[in-house]
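Okay, so here's the structure we're looking at.
Please read all numbers here as calculations on a predicted model, not as lab measurements. Every heavy atom of this structure was used, including side-chain atoms; hydrogens, water molecules and symmetry mates were not.
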2 protein chains.
Amino acid sequence: MRFQLGDYVPYLVNRAGVSISNTFSRELDRFGITLPMWRVMSALLDEGEQRLGDLSRITAIELSTLSRITASMDRAGLVSRRRSGEDARAVLITLSKEGRRMAEAIVPKALQWESAAIAGMSEDEVKTLKGLLQRIYGNVEGREAVLR
Amino acid sequence: MRFQLGDYVPYLVNRAGVSISNTFSRELDRFGITLPMWRVMSALLDEGEQRLGDLSRITAIELSTLSRITASMDRAGLVSRRRSGEDARAVLITLSKEGRRMAEAIVPKALQWESAAIAGMSEDEVKTLKGLLQRIYGNVEGREAVLR
DNA sequence: TATTGTTATACTCTATAACTATA
DNA sequence: TATAGTTATAGAGTATAACAATA
């Protein structure tokens with residue numbers, strides 16, 4: 001049976017994703033943060049204070065990994081963590097002033113990298129791309145949910 | 001400045017890629033191999049014997065990582081490695097009989113996972129998706145090449 | 001000198017599971 | 001009992017660089 005890696009969707013998606021991530025990670029090195037940290041910061045910038053569990057869903061970072069990441073960001077002064085008043089089990093994460101300042105400095109760079117990645121595509125193509133990627137994620141996670 | 005993670009292409013690509021990779025990795029666990037190993041095997045299945053450097057390009061795996069991975073696959077009896085006669089610096093990697101048998105057993109599973117990931121998409125959409133993902137990879141790696 | 005590949009180190013993320021505290 | 005997080009451990013990939021062998 002013939003199998004061509006260059007025509008195989010999971011490979012193409014993963015290769016594109018890894019490629020973007022790796023190159024942007026190098027940009028983030030200058031700020032002393034990792035890509036998952038940037039995800040956390042941008043999610044908080046957009047959505048405001050979040051519970052750890054919700055942040056895990058938004059950023060697609062494993063809860064246990066996220067727990068360590070936010071602890072490290074807390075030590076670095078980028079976020080603050082406090083117990084929720086409504087549910088004492090929950091931890092609320094917020095951007096600190098410094099974290100917000102850094103996040104706002106990174107946003108333009110992030111948009112530049114996005115532009116570079118989608119260079120030459122029409123608005124329609126980009127829109128289609130986003131839709132299809134969301135469907136892939138939904139399909140895969142949905143199947144996962146069934147298997148669990 | 002507003003920044004929405006859920007509308008940001010690098011995030012969407014990476015999320016979809018990681019999601020597919022993680023779920024398929026669990027399928028591969030049954031065969032006792034990792035996703036990068038499967039990449040190597042499928043590339044060799046499709047393209048035949050390869051130099052390590054070429055295999056690195058095809059699979060998008062770092063050379064130093066690939067060196068260790070193929071060494072481990074060699075120990076597991078999945079591939080064989082030998083020096084090239086034409087260029088004694090180069091190492092040629094081939095699937096062993098057992099490696100080929102395993103790869104051929106995995107191909108149908110891989111195609112099933114691909115089908116699940118792209119469920120509900122038309123042929124045209126899938127074709128568009130592949131083209132756009134290839135362009136992203138080209139754009140990013142091209143920019144990388146310039147920066148280096 | 002440049003290229004092909006190997007090896008070592010330090011770091012990050014993942015997967016898993018045991019654990020605490022609260023609901 | 002179930003949920004929200006924390007912590008520890010083992011394993012895999014990445015980045016980097018030093019290195020050997022060959023071109």
Side-chain angles (χ1 to χ4, degrees), chain A residues 14-15 17-30 32-40 49-76 79 81-93 144 147-148, chain B residues 14-15 17-40 50-76 79 81-93 144 147-148:
Chain A
N14 191 65
R15 186 182 67 165
V18 168
S19 178
I20 297 185
S21 300
N22 288 347
T23 56
F24 191 57
S25 291
R26 252 162 278 168
E27 180 86 32
L28 291 176
D29 274 351
R30 298 188 214 167
I33 63 171
T34 64
L35 185 67
M37 288 179 184
W38 156 242
R39 288 242 186 107
V40 168
E49 189 173 65
Q50 296 291 325
R51 293 166 63 136
L52 198 63
D54 292 331
L55 201 53
S56 166
R57 262 161 250 130
I58 296 171
T59 58
I61 300 170
E62 290 282 320
L63 184 62
S64 68
T65 306
L66 188 61
S67 175
R68 273 182 301 103
I69 288 173
T70 51
S72 141
M73 291 174 76
D74 192 0
R75 285 192 296 274
V79 300
R81 305 198 294 176
R82 64 183 182 81
R83 287 282 160 188
S84 165
E86 293 164 10
D87 182 342
R89 295 171 303 180
V91 171
L92 296 172
I93 315 288
E144 268 300 272
L147 291 180
R148 274 194 294 262
Chain B
N14 191 65
R15 186 182 67 165
V18 168
S19 178
I20 297 184
S21 300
N22 288 347
T23 57
F24 191 55
S25 289
R26 248 162 280 170
E27 179 86 31
L28 293 175
D29 274 350
R30 298 188 214 168
F31 293 90
I33 63 170
T34 64
L35 186 67
M37 288 179 183
W38 156 242
R39 288 242 185 105
V40 168
Q50 296 291 327
R51 294 167 61 137
L52 198 63
D54 293 331
L55 202 53
S56 166
R57 262 161 251 128
I58 296 170
T59 58
I61 299 171
E62 289 283 318
L63 184 63
S64 67
T65 305
L66 188 61
S67 176
R68 274 182 300 105
I69 287 172
T70 52
S72 141
M73 291 174 77
D74 192 359
R75 285 193 296 275
V79 301
R81 306 198 291 175
R82 63 183 181 83
R83 287 281 159 191
S84 165
E86 294 164 11
D87 182 341
R89 294 171 302 181
V91 171
L92 296 172
I93 316 287
E144 268 300 273
L147 291 181
R148 273 194 294 259

So, B/S56 side chain and B/L52 main chain: donor-acceptor pair closer than 3.5 Å or not?
-> no

Full working for side chain to side chain contact (heavy atoms under 4.5 Å, CB included) between B/W38 and B/F31 = CA-CA 10 Å; B/W38 156 242; B/F31 293 90; over 6 Å; no

Check each residue of residues 67-76 of chain A for a non-hydrogen atom within less than 4.0 Å of any atom in DNA chain D, then write out the ones that pass by number, or none.
-> A/S67

What is the distance, rounded to the nearest whole Å, between atom CZ of A/R83 and atom P of C/dT20?
-> 15 Å

Closest-nucleotide ordering on DNA chain D, the 5'-leading residue of A/L92 and B/A60 | A/L92

Taking five pairs at each end, how big is the angle between the two axes of the helix from C/dT1-D/dA23 to C/dA23-D/dT1, to 10°?
-> 0°

What's the CG-C1' distance between A/L66 and C/dT12, to the nearest Å?
-> 14 Å

Could you check if a side-chain atom of A/N14 sits within less than 4.5 angstrom of a side-chain atom of B/I20, using non-hydrogen atoms only?
-> no

Can you tell me how far P of C/dT22 sits from CD of A/E86, to the nearest Å?
-> 16 Å

Quick one: do B/R57 and B/D54 make a salt bridge, cutoff under 4.0 Å?
-> yes

Would you check, one step at a time, whether the test side chain to side chain contact (heavy atoms under 4.5 Å, CB included) holds for A/L55 with A/V40?
-> CA-CA 7 Å; A/L55 201 53; A/V40 168; 4.0 Å; yes

Between the side chain of B/T65 and the main-chain N/O of B/I61, is any donor-acceptor distance below 3.5 Å?
-> no

Among C/dT4, C/dT6, C/dA21, the one nearest any side-chain atom of B/R51 is C/dT4

May I ask you to test the A/V91-A/R51 pair for a side-chain heavy-atom distance under 4.5 Å?
-> no

Per nearest nucleotide of DNA chain C, the residue lying toward the 5' end, A/A88 or B/V18, is B/V18

When you check the phosphate oxygens OP1 and OP2 of C/dT6, does a side-chain N or O of B/R81 lie under 4.0 Å from one of them?
-> yes

Can you list the steps and then say if A/E49 with A/R82 is a salt bridge (Lys or Arg N to Asp or Glu O under 4.0 Å)?
-> CA-CA 10 Å; A/E49 189 173 65; A/R82 64 183 182 81; 3.2 Å; yes

Where the side chain of B/L63 is concerned, which of C/dA2, C/dT14, C/dG5 is the nearest nucleotide?
-> C/dG5

Name the first nucleotide and the last nucleotide along DNA chain D (5' to 3') that come under 4.0 Å of a heavy atom in chain A.
-> D/dT3 to D/dA15

Heavy atoms under 4.0 Å, any strand shown: does A/S64 hit a base, just sugar-phosphate, or nothing?
-> base

Sub-3.5 Å donor-acceptor pair from the side chain of A/S67 to the main-chain atoms of A/L63, do we have one?
-> no

Begin from the C-alpha positions of B/S84 and B/L92 and carry the test side chain to side chain contact (heavy atoms under 4.5 Å, CB included) through to its verdict.
-> CA-CA 6 Å; B/S84 165; B/L92 296 172; 4.0 Å; yes

Please answer whether the main-chain N or O of B/R68 pairs with a side-chain N or O of B/S72 as donor and acceptor at a distance below 3.5 Å.
-> no

B/N14 CG - C/dT14 C1' separation (whole Å) = 14 Å

Between C/dT9 atom C1' and B/E62 atom CD, what is the distance in whole Å?
-> 16 Å

C/dT14 phosphate, OP1 or OP2, under 4.0 Å from B/N22 side-chain N/O = no

How would you label the contact of A/T65 with the nucleic acid (heavy atoms, under 4.0 Å): base, sugar-phosphate, or nothing?
-> base

Report yes or no: does B/R39 contribute a side-chain atom to a donor-acceptor pair with the main-chain N or O of B/T59 at less than 3.5 Å?
-> yes

Nearest-Å distance for atom pair CZ/C1', residues A/R89 and C/dT20 | 13 Å

